[in-house]
Amino acid sequence: MSCVFVCHDGGGRVLLARRAAGARDEPGTWDTGAGALEFGETFERAVTREVTEEYTAQPQEIVTLGVRNVLRSDPPSHWVAVVFAVRVDPAEVRIGEPHKFDAIGWFAPDALPEPAHSQLAGTLALWR
């Protein structure tokens with residue numbers, strides 16, 4: 001199970017990260033954050049841990065947006081993603097895992113960077 005989070009500034013911008021060359025999945029693409037739910041963890045604890053690890057910021061607000069049953073053909077994979085909106089302070093945000101991400105940025109939903117991760121549009125559809 002995966003916890004996917006759309007970090008936002010509360011003013012309409014979303015935080016996206018570009019996956020580094022060493023990323024496990026779709027390197028070079030822009031995406032929201034995500035991480036695995038660890039044994040015994042609540043969703044909120046997992047999201048807090050992952051946001052802190054990936055972006056060095058503490059969540060100010062966490063809202064559950066929905067669940068996605070993700071079936072991807074290339075590369076073939078299947079997972080369940082619980083999606084959250086997480087408001088963070090942009091001044092706190094830094095790349096916390098440089099081996100996974102080589103750039104981050106704040107974007108308006110109508111001005112997203114390319115190339116996008118294959119799951120970005122589906123995730124952002126829940127946030128809008």
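- Grouping Ile, Leu, Val, Met, Phe, Trp and Tyr residues whose side-chain heavy atoms lie under 4.5 Å apart, directly or via other members, places W79 in a hydrophobic cluster with V70.
- Residue R24 places its CZ atom among 12 or fewer non-hydrogen atoms of other residues, nucleotides or ligands, all under 6.0 Å distant.
- Between the CG atom of L71 and the OG atom of S77 there is a distance of 8.5 Å, given to the nearest 0.5 Å.
- Hydrophobic clustering (side-chain heavy atoms under 4.5 Å, transitive across Ile, Leu, Val, Met, Phe, Trp, Tyr) keeps L120 apart from I104.
- Contact between L37 and A46 at its shortest, heavy atoms only, is CD1-CB, 3.6 Å.
- One hydrophobic cluster, built from ILVMFWY side chains closer than 4.5 Å, holds both I62 and L15.
- The two residues R18 and D102 come nearest to each other via the heavy atoms NE-OD1, 2.7 Å.
- Side chain of T48 to main chain of E44: a donor-acceptor pair is present (N/O by atom type, distance under 3.5 Å, no hydrogens or angles).
- Considering only residues two or more places apart in sequence or on other chains, Q119 meets the side-chain hydrogen bond (donor to acceptor under 3.5 Å, both in side chains) condition with R68.
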Give the C-alpha distance, both sets of side-chain angles, the deciding distance and a yes or no for side-chain contact (heavy atoms from CB on, under 4.5 Å) between N69 and V67.
CA-CA 7 Å; N69 182 25; V67 177; over 6 Å; no

Under 3.5 Å, which donor-acceptor pairs do the side chains of residues 88-100 form with other protein atoms, sequence neighbours left out?
unit_1 : atom_1 : unit_2 : atom_2 : d
D89    : OD1    : A91    : N      : 2.9
E92    : OE1    : Q58    : N      : 3.0
R94    : NH1    : A91    : O      : 3.2

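- Side-chain N or O atoms of R19 include one that pairs as donor or acceptor with a backbone N or O of D25 at under 3.5 Å.
- Shown here are the salt bridge (Lys or Arg N to Asp or Glu O under 4.0 Å) partners of E53, two or more places apart in sequence or in another chain: R49.
- Summarising the geometry, atom OG1 belonging to T123 is positioned 9.5 Å from atom CG belonging to L65; distances are rounded to the nearest 0.5 Å.
- Identified under the ring pair (Phe, Tyr, Trp, His ring centres under 6.0 Å) test for residues 9-35, with sequence neighbours left out: W30-F107.
- Panel note: side chain E54, backbone V51; no donor-acceptor pair is recorded below 3.5 Å.
- Smallest separation of non-hydrogen atoms from P59 and V86: CB-CG1, 3.6 Å.
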Review item, side-chain donor-acceptor pairs of residues 1-12, under 3.5 Å, at least two apart:
unit_1 : atom_1 : unit_2 : atom_2 : d
H8     : ND1    : G10    : N      : 3.0
D9     : OD1    : G11    : N      : 2.7
D9     : OD1    : G12    : N      : 3.2
D9     : OD1    : R13    : N      : 3.1
D9     : OD2    : R13    : NE     : 2.6
D9     : OD2    : R13    : NH2    : 3.1

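- Across all non-hydrogen atoms, the minimal contact from T42 to R45 is OG1-N, 3.0 Å.
- Between the side chain of E50 and the backbone N or O of G33 there is no donor-acceptor pair closer than 3.5 Å.
- Rounding to the nearest 0.5 Å gives a distance of 12.0 Å between CZ of F84 and OG1 of T32.
- Closest heavy-atom contact between E26 and T29: O-OG1, 2.6 Å.
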